[in-house]
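Reminder, nothing fancy here: chain letters follow the sequence lines and each chain counts from 1.
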Amino acid sequence: MEKYNPAEIEVKWQKRWEEKGLFKALDFDKKPKFYQLEMFPYPSGRIHMGHVRNYTIGDAIARYKKAKGYNVLHPMGFDAFGLPAENAAINNNTHPAKWTYSNIEYMIKELKRLGFSYDWDRLVITCDPDYYKWEQKVFIEMLERGMVYRAKSTVNYCPSCKTVLANEQVEDGKCWRCGSEVIQKEMDEWFLKITDYADQLLDDMKLIEEGWPERVLVQQRNWIGKSKGAFVKFKIKGRDECLEVFTTRPDTLFGVTFVSIAPDHPKLLELVDDKYKDEIEKFVKEFKKGGRDFSKEKEGVFTGVYLINPVNGEEVPLYAANFVLMEYGTGVVMAVPGHDQRDFEFAKKYNLPIRKVIHTDGLSDDVGKWSEAYTEPGVLVNSAQFDGLDNETAKWEIVKWLEKKGLARIGYQYRLRDWNVSRQRYWGAPIPVVYCPHCGIVPEKIENLPVRLPENVEITGEGGSPLSKVDEFVNTKCPICGADAKRETDTFDTFVESSWYFLRYCSPKYDKDIFERKRAEYWMDVDQYVGGIEHAVMHLLYARYFTKVLRDLGYINSTEPFKRLLTQGMVIKDGAKMSKSKGNVVDPDDIIEQYGADTARLFILFAAPPEKDLEWSDEGVEGAFRFLNRLWRLVYKYRDLKSGSVEVKNERLKDLNYQIHSTIKKVSNDFEAYHFNTAIAACMEFVNYLYDFEPKTEDEKKLYAKALEELLKLLSPIAPHITEELWSLTGHESFLLEESWPEYDEAFTVKDITTIAITVNGKLRDTLEFPRGVQEGEVFEKALESPKVKRHIEGKEIVKKIFVKDKLLNIVVK
RNA sequence: GCCGGGGUGGCGGAAUUGGUAGACGCAAGGGACUUAAAAUCCCUUGGAGCUAUGCUCCGUGCGGGUUCGAUUCCCGCCCCCGGCACCA
């Protein structure tokens with residue numbers, strides 16, 4: 001008997017599928033379109049198990065949709081700019097481009113060996129000037145529209161990577177990539193005004209909430225962090241000037257006993273009373289040196305300045321305080337120690353008064369006895385005409401009242417900051433801007449794009465941007481006046497490239513613009529996006545934002561790029577995420593070599609539902625391989641049987657037919673919901689059944705052959721190679737890949753005979769078989785005859801009976 | 001602290017709208033085939049008890065509740081994982 005030989009058949013079918021061009025997506029095809037997208041990889045050198053999982057899930061979906069009659073777009077590319085290429089350049093003395101492209105070459109081979117159904121004609125590589133050219137163009141258009149600005153700002157800087165990091169790239173005060181301590185540094189940077197889109201990014205969530213995991217939306221909502229509050233003006237005593245605070249608790253305005261200001265507030269030193277100047281300067285210097293240390297005790301210094309509380313005219317002192325953030329609100333905070341824990345701690349430390357303005361049952365009036373601030377809801381006290389109001393109502397009543405006097409207004413604040421896209425690195429897309437001594441900041445002319453990365457660059461990893469040392473690059477002419485000018489030497493954050501690559505796939509070779517509109521309109525939106533949860537905020541938020549920007553620039557109608565999102569879990573081994581440092585990595589290449597791609601795919605889809613973490617198990621892989629061998633032997637044994645139409649006339653045929661149709665139904669439903677693990681389980685049960693069956697009559701053989709055909713179709717998206725080989729072995733001339741998804745007849749998915757559970761007081765006592773549709777009376781009669789049931793009823797009174805048709809009879813006794 | 005998501009056999013995991021808990025796989029044990037092993041095939045496998053070849057009780061993190069009936073719904077706890085975290 002011929003043995004299952006994955007190494008041989010997998011390569012064979014991959015070649016044939018490619019020769020036939022079976023994965024080509026047809027622009028404007030009449031069939032309904034389905035855009036299946038997976039997050040493209042960074043070309044680190046090798047595919048890892050997380051990629052295999054991501055792409056296996058996507059491939060199963062793409063192949064299923066193809067069988068369901070869709071015109072499927074399933075592309076792949078590489079997020080090819082980024083730091084590791086530069087590090088490799090430093091360590092191995094290879095050029096980042098060379099390193100990147102050779103990695104890509106190898107990884108494409110790996111992806112092909114896994115049998116993924118990509119349309120390779122649409123390959124997109126982001127470090128290609130024909131790619132990044134277009135984001136340079138969009139950037140210039142954004143600049144012209146005021147959607148981009150340059151600003152000096154204190155930025156997160158990683159001294160090890162020698163680059164600026166976005167807020168999102170700082171985790172726990174450390175660099176997301178290398179883990180070094182992030183420091184604060186002042187630099188000129190380019191910002192995209194994503195905050196202008198904060199409300200849209202929030203509101204448009206309702207367009208996608210059906211298809212996105214709740215937790216991703218929640219994370220994004222928290223990240224944007226919109227809060228409603230009020231801006232309130234506090235007059236500076238002795239000056240004709242105000243300081244404005246932002247508060248979400250205007251209901252506590254009567255409890256304000258001091259005001260805090262950020263140490264890095266630009267007006268601080270100007271305001272300070274001469275008497276306190278030295279002390280403040282010392283404090284500010286200390287603060288700037290230490291940066292923001294969250295674990296540090298709250299500290300502050302009196303400025304000598306007093307402010308007037310607008311609600312009651314009281315004079316309250318102004319303190320510079322180390323916990324006040326300059327980046328949020330106005331950098332000035334009204335302090336209500338009675339009802340804010342931070343202010344409470346500060347007031348205790350510096351002996352400032354604490355006042356109770358919110359009351360609830362059992363809350364002492366003697367604030368001296370309080371051990372912490374009361375921050376829960378309550379009723380206003382000590383608040384003049386607002387006393388007795390519940391605090392939620394009071395918030396807006398007080399603002400309304402102050403608004404009339406021109407001292408307050410309702411306002412919103414966001415946690416989201418503008419997106420800093422400047423990186424002091426070589427291996428990124430150049431920011432297409434020129435600095436002219438006469439004209440200032442000037443965008444490069446569109447017709448001069450792309451601003452290419454120069455190739456002759458020495459990458460040492462020392463001292464700032466490598467581009468600044470390339471004279472031919474830096475020295476240029478002003479696009480406006482022609483004078484000698486200097487190029488921007490920063491490059492884009494690589495999240496810029498990944499914010500629109502899914503649009504480029506629609507017309508990857510189009511050379512007149514970022515994409516060809518009518519093709520993009522045909523394919524967009526992405527019907528199903530699959531990727532890791534680690535991109536819940538950064539990538540997915542940027543991509544949503546960029547799509548809206550492209551819409552507003554008139555490129556496309558799309559508002560939300562990804563209709564549905566599936567976030568797959570991590571691949572775990574021995575309780576930890578697979579990683580080199582933990583030494584628990586399983587190399588996909590080894591698995592393919594030992595068992596083949598189909599086994600890898602089957603195991604990954606079977607071991608856990610897609611969203612959950614997947615525990616790698618060598619025994620589990622063996623099990624998957626065993627199943628494929630079992631499938632092989634089954635089909636091989638019956639390879640000469642021919643299917644044909646059969647009159648389902650006896651019990652055996654009926655039962656086989658029932659198994660066929662109910663399996664198709666189960667697997668189809670599971671595929672719709674992406675429950676591949678249970679779909680596979682159903683196929684396994686079907687295989688077990690078919691092993692037992694052993695067809696004897698001609699009719700049985702025909703129907704059995706039919707069963708095998710359907711089985712192969714059902715498993716085809718998961719294990720495409722073995723099923724294709726068996727399809728051909730059973731005498732089929734066509735490609736299994738081109739067969740359509742099997743149909744089932746609902747009428748055949750139910751049996752004539754049904755098993756009814758007999759319970760007494762809700763406890764199972766017996767199960768009895770009846771013809772489908774049997775009446776309660778008959779079931780009850782038979783149930784009474786059952787000794788298992790009888791012994792629980794005897795001597796008791798039957799109170800009532802609950803009958804669920806074809807399922808259950810519950811007899812309630814007392 | 002706040003916001004999410006979870007707790008089901010030895011393990012990964014199944015259980016339509018409340019209706020036979022533990023599908024399928026792994027691991028384990030027993031058997032068949034074999035000179036032997038591998039491979040394969042068959043059987044057993046949630047726990048406890050007993051007057052054992054069948055029956056009883058317990059069992060989906062814990063404690064209550066609703067219901068004829070709860071892994072599923074409600075209330076109150078405990079624990080684990082993830083995200084955010086001086087955001088005023």
Item to check | Inter-nucleotide C1' distance (B:rA85, B:rC3), Å rounded | outcome: 11 Å
Checklist entry - In whole Å, what is the span from the OH atom of A:Tyr414 to the C1' atom of B:rC84? => result 19 Å
Checklist entry - What orientation do A:Tyr319 and A:Phe346 show, parallel under 30°, tilted 30 to 60°, or perpendicular over 60°? => result perpendicular
Item to check | Nearest-Å distance once atom C1' is located in both B:rG54 and B:rC80 | outcome: 41 Å
Item to check | A:Ile758 CD1 to B:rC68 C1', straight-line distance once rounded to whole Å | outcome: 14 Å
Checklist outcome for this item: Separation of B:rG69 atom C1' from A:Lys800 atom NZ, nearest Å, is 10 Å
Item to check | Selected nucleotide, minimal atom distance to A:Asn810 side chain, candidates B:rG19, B:rG5, B:rU20 | outcome: B:rG19
Checklist entry - Nearest of B:rC24, B:rC68, B:rC42 to any side-chain atom of A:Glu685? => result B:rC24
Checklist entry - To the nearest Å, how far apart are A:Ile680 CD1 and B:rC26 P? => result 13 Å
Item to check | Length of the line joining A:Glu214:CD and B:rG83:P, which is rounded to integer Å | outcome: 17 Å
Checklist entry - For A:Thr759 and B:rC68, is the shortest distance between a side-chain N/O and OP1 or OP2 below 4.0 Å? => result no
Next on the checklist: Between B:rG10 and B:rG47, how many Å separate the two P atoms, rounded to a whole number?
Outcome noted: 7 Å
Checklist entry - Any side-chain N or O of A:Arg626 under 4.0 Å from OP1/OP2 of B:rC41? => result no
Checklist entry - Roughly how many Å is it from CZ in A:Phe603 to P in B:rG25, rounded to a whole number? => result 15 Å
Next on the checklist: Would you say A:Lys763 places a side-chain N or O within less than 4.0 Å of OP1 or OP2 belonging to B:rA70?
Outcome noted: no
Checklist entry - Would a distance-only check, ignoring hydrogens and angles, find a side-chain to backbone donor-acceptor pair under 3.5 Å from A:Asn810 to A:Ile802? => result no
Checklist entry - Of the nucleotides B:rG4, B:rG19, B:rU40, which has the atom closest to the A:Val218 side chain? => result B:rG4
Checklist entry - Contact class for A:Thr247 (heavy atom, under 4.0 Å): base, sugar-phosphate, or nothing? => result sugar-phosphate
Next on the checklist: Is A:His792 close enough to B:rC55 that one of its side-chain N or O atoms is under 4.0 Å from OP1 or OP2 there?
Outcome noted: no
Checklist entry - Is the phosphate of B:rC41, meaning OP1 or OP2, less than 4.0 Å from a side-chain N or O of A:Arg630? => result yes
Checklist outcome for this item: Atom CZ of A:Phe246 and atom C1' of B:rC86 are separated, to the nearest Å, by 16 Å
Checklist entry - Hey, is the main chain of A:Gly300 close enough, under 3.5 Å, to the side chain of A:Tyr350 for a donor-acceptor pair? => result yes
Item to check | B:rG18 versus B:rU72 - spacing of their P atoms, nearest Å | outcome: 11 Å
Checklist entry - Can you check B:rG9 for me, syn or anti if syn means within 90° of 0? => result syn
Next on the checklist: Tell me whether A:Arg221 contacts the main-chain N or O of A:Val218 through its side chain, where contact means a donor paired with an acceptor under 3.5 Å.
Outcome noted: no
Checklist outcome for this item: With the side chain defined as heavy atoms from C-beta on, A:Thr248 is closest, among B:rU56, B:rA88, B:rG83, to B:rA88
Next on the checklist: What contact category does A:Val812 fall into here, base, sugar-phosphate, or nothing, at under 4.0 angstrom with non-hydrogen atoms?
Outcome noted: sugar-phosphate
Checklist entry - A:Asp613 and A:Met570: which non-hydrogen atoms are nearest, and at how many Å? => result OD1-N, 2.8 Å
Item to check | First of A:Met684 and A:Val804 reached from the 5' end of RNA chain B, by closest nucleotide | outcome: A:Val804
Item to check | Nearest-angstrom distance, P atom, B:rU40 to B:rG25 | outcome: 13 Å
Item to check | Any A:Arg765 side-chain nitrogen or oxygen under 4.0 Å from OP1 or OP2 of B:rU20 | outcome: no
Checklist entry - What is the nucleic acid contact for A:Gly329, judged by heavy atoms within less than 4.0 Å: base, sugar-phosphate only, or nothing? => result nothing
Checklist entry - Considering only heavy atoms and no angle criterion, is a donor-acceptor pair shorter than 3.5 Å present between the side chain of A:Lys801 and the base of B:rC68? => result no
Checklist entry - For RNA chain B, whose closest nucleotide is more 5', that of A:Ala682 or that of A:Thr755? => result A:Thr755
Item to check | A:Val336 backbone acceptor or donor facing A:Arg355 side chain under 3.5 Å | outcome: no
Checklist entry - Closest approach of A:Asp251 and A:Leu380, non-hydrogen atoms and distance? => result O-CD2, 3.6 Å
Item to check | Dot-bracket encoding of pairs in RNA chain B, which uses [ ] for pseudoknotted crossings and | for another strand, Watson-Crick or G-U under 3.5 angstrom | outcome: (((((((..(((......[....))).(((((.......))))).(((((...)))))..(((((..]....))))))))))))....
Next on the checklist: Is the ring pair A:Phe748/A:His661 parallel, tilted or perpendicular, if the boundaries are 30 and 60 degrees?
Outcome noted: tilted
Next on the checklist: Can you see if the side chain of A:Asn688 gets near the phosphate of B:rA23 - specifically, an N or O under 4.0 Å from OP1 or OP2?
Outcome noted: no
Checklist entry - Looking at the side chain of A:Glu619, which of B:rC26, B:rC3, B:rG4 is the nearest nucleotide? => result B:rC26
Checklist entry - Reckon A:Arg791 touches a base, only the sugar-phosphate, or nothing at all at heavy-atom distances under 4.0 Å? => result sugar-phosphate
Item to check | Separation of the C1' atoms in B:rG63 and B:rC24, to the nearest angstrom | outcome: 34 Å
Item to check | Spacing of the C1' atoms in B:rA27 and B:rG12 (rounded, Å) | outcome: 11 Å
Checklist outcome for this item: Minimal heavy-atom distance between A:Asn54 and A:Gly532, with the atoms involved, is OD1-N, 4.5 Å
Checklist outcome for this item: Whole-Å distance, A:Leu808 CG to B:rA21 C1', equals 14 Å
Could you go over nucleotides 8-18 of chain B and give all protein N or O partners under 3.5 Å, atom names and distances?
{"from": "B:rG12", "atom 1": "O2'", "to": "A:Ala607", "atom 2": "O", "distance (Å)": "2.5"}
{"from": "B:rG13", "atom 1": "O3'", "to": "A:Asn677", "atom 2": "ND2", "distance (Å)": "3.3"}
{"from": "B:rA14", "atom 1": "OP1", "to": "A:Asn677", "atom 2": "ND2", "distance (Å)": "3.1"}

Checklist entry - Any side-chain donor paired with an acceptor under 3.5 Å for A:Arg415 and A:Asn222? => result no
Checklist entry - Which heavy-atom pair separates A:Lys573 from A:Asn584 by the least distance, and what is that distance? => result O-ND2, 3.0 Å
Checklist outcome for this item: Classified by glycosidic angle (syn within 90° of 0, else anti), B:rA48 comes out anti
Next on the checklist: Between B:rC43 and B:rC26, how far apart are the two P atoms, rounded to whole Å?
Outcome noted: 14 Å
Checklist entry - OP1 or OP2 of B:rA88 sitting under 4.0 Å from any side-chain N/O of A:Arg415? => result no
Item to check | Audit row: A:Asp766, A:Ser786, side-chain hydrogen bond (donor to acceptor under 3.5 Å, both in side chains) steps and yes/no | outcome: CA-CA 8 Å; A:Asp766 204 356; A:Ser786 158; 2.7 Å; yes
Checklist entry - With a 3.5 Å cut-off and no angle check, do the side chains of A:Ser227 and A:Tyr328 form a donor-acceptor pair? => result yes
Item to check | Among B:rU56, B:rG4, B:rU20, the nucleotide that comes nearest once only the side chain of A:Leu764 is considered | outcome: B:rU20
Checklist outcome for this item: Among B:rU56, B:rG83, B:rA88, the one nearest any side-chain atom of A:Phe323 is B:rA88
